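Comments concern the structure below.
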Amino acid sequence: MTEQEYNIKLPVFEGPFDLLLHLIRQNEIDIYDIPIARITDQYLDHLQQMEEMDLEIASGFLVMAATLLSIKARMLLPRPAAEEAEPGAEEDAREGLVRDLLEYMMFKDAAQAMNRLYEEQKAYIPRDNEPELYANLFSAENPLEGKTLADLEKAFARVLKKAKDRGQLLLEIEREQVTLRDRLEHLYLLLCAHPKGILFDDAFEDCCSRMQYIVSFLALLELAHQGVLKVTQNEIYGDIYLHVGDLQKYVRE
């Protein structure tokens, strides 16, 4: 075999613990019972191959090699007579190494899990998540949320002014009987006929006296309180709309 045919391929290791863990798994060794002599020889053999391939060996690999040689030397020393009373002293030489290996494995597994999560997240396409984009999909618990009674009073005042300008409020009917029940029923049927909603002003379209306007406004507030209708305004000072809420909540007195 010529020199050109001789080719050694070594896996890329992230550090000395990565190489050591590779050797332990390759030999199917119990991490709590590492045969230091065999692992040290294999570790040094890998470093020698890296040197032969002119690969730069980081100082961390050399420190690990020195640590393994130190543990190997301690375990090869003759046992003192007193050691018989201290079982497990041989494993004590490897205790620190095992602890560091376990810690390295924990961080390595966590890094791999985060990398898998990163790869999965790359497959997703983000989308806008502003609440305003989905607000129309959910009914507000409070049908008057964002609208105060003062807002409705101002809108009602504008309706009265328009009626006065048209001369509608000049018509007065003696002993006029306008009941809240009648106006509730009228507004309820009006909402049922217009499920997409109506303008606030349209709720008073059939009114021809001040009393009818006032009682209709009270009926509107009652239906909003029951949740039968919802009051919305798309922009400040814009038109106010009445939308169908939960019609099943309508209470006929």
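Keep in mind the model is a prediction, meaning the values are calculated, not measured. This chain uses plain numbering: 1 for the first residue, then up along the sequence. Excluded from the calculations below are hydrogen atoms, water molecules and symmetry mates; all remaining heavy atoms, backbone and side chain alike, are included.
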- prompt: Passes salt bridge (Lys or Arg N to Asp or Glu O under 4.0 Å), Glu119 versus Lys122? Steps please.
  reply: CA-CA 5 Å; Glu119 294 297 328; Lys122 288 200 303 185; 3.3 Å; yes
- request: Decide side-chain contact (heavy atoms from CB on, under 4.5 Å) for Leu19 and Met64; before the verdict, give the C-alpha distance in whole Å, the side-chain angles of both, and the deciding distance to 0.1 Å.
  value: CA-CA 10 Å; Leu19 171 56; Met64 177 61 73; over 6 Å; no
- request: For the pair Leu190 and Glu205, evaluate side-chain contact (heavy atoms from CB on, under 4.5 Å) and give the outcome as yes or no after the intermediate values.
  value: CA-CA 11 Å; Leu190 187 63; Glu205 195 172 36; over 6 Å; no
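Dense packing is recorded around CE of Met106, with more than 12 heavy atoms of other residues, nucleotides or ligands lying under 6.0 Å away. Heavy atoms of other residues, nucleotides or ligands lying less than 6.0 angstrom from CD of Gln248 number 12 at most.
Under the 4.5 Å side-chain heavy-atom criterion for Ile, Leu, Val, Met, Phe, Trp and Tyr, Leu189 and Leu191 are members of the same hydrophobic cluster. Val63 and Leu47 are not part of a single hydrophobic cluster, where members link through side-chain heavy atoms under 4.5 Å apart.
To the nearest 0.5 Å, atom CG of residue Leu20 and atom CZ of residue Arg25 are 11.0 Å apart. The NZ atom of Lys230 lies 10.0 Å from the CG atom of Asp246; values are rounded to the nearest 0.5 Å. With rounding to the nearest 0.5 angstrom, the OH atom of Tyr188 is 10.0 Å from the CG atom of Leu223. Leu97 CG to Ile71 CD1: the interatomic distance, rounded to the nearest 0.5 Å, is 4.5 Å. A distance of 10.0 Å separates CE of Met105 from CD of Gln112, quoted to the nearest 0.5 Å. Once rounded to the nearest 0.5 Å, the distance linking OG1 of Thr67 with CG of Leu62 reads 10.5 Å.
When all heavy atoms of Ile29 and Pro35 are compared, the pair lying nearest together is CG2-CD, 3.4 Å. The two residues Pro195 and Val244 make their nearest non-hydrogen contact at CA-CG2, 3.7 Å. Nearest approach of Pro16 to Tyr43, heavy atoms of both residues: CB-OH, 3.4 Å. Shown here for Lys249 and Gln226, the closest heavy-atom pair between the two residues is CD-O, 3.2 Å.
Aromatic ring pairs are classed by plane angle as parallel below 30°, tilted from 30° to 60° and perpendicular above 60°; the pair Phe156 and Phe217 is parallel.
Using a 4.5 Å heavy-atom threshold, the side chains of Leu44 and Leu69 count as touching. Counting only heavy atoms from C-beta outward, the side chains of Leu101 and Ile24 approach each other to under 4.5 Å. Residues Tyr104 and Asp18 are in side-chain contact: their nearest non-hydrogen atoms beyond the backbone lie under 4.5 Å apart. The shortest distance between side-chain heavy atoms of Asp41 and Lys72 falls below 4.5 Å. Between Leu220 and Arg183, every side-chain heavy-atom pair lies at or beyond the 4.5 Å cut-off. Contact annotation: the side chain of Leu21 approaches that of Lys108 to within less than 4.5 Å [non-hydrogen atoms, C-beta and beyond]. Residues Leu184 and Val228 have side chains not in contact (no heavy-atom distance under 4.5 Å, counting atoms from C-beta outward). For the pair Val231/Leu242, a side-chain contact is recorded, criterion being any heavy-atom separation below 4.5 Å from C-beta on.
Cluster partners of Tyr241 are Leu199, counting Ile, Leu, Val, Met, Phe, Trp and Tyr whose side-chain heavy atoms approach within less than 4.5 Å, directly or via other members.
Here the side chain of Gln212 pairs a donor or acceptor atom with the backbone of Cys208 at under 3.5 angstrom.
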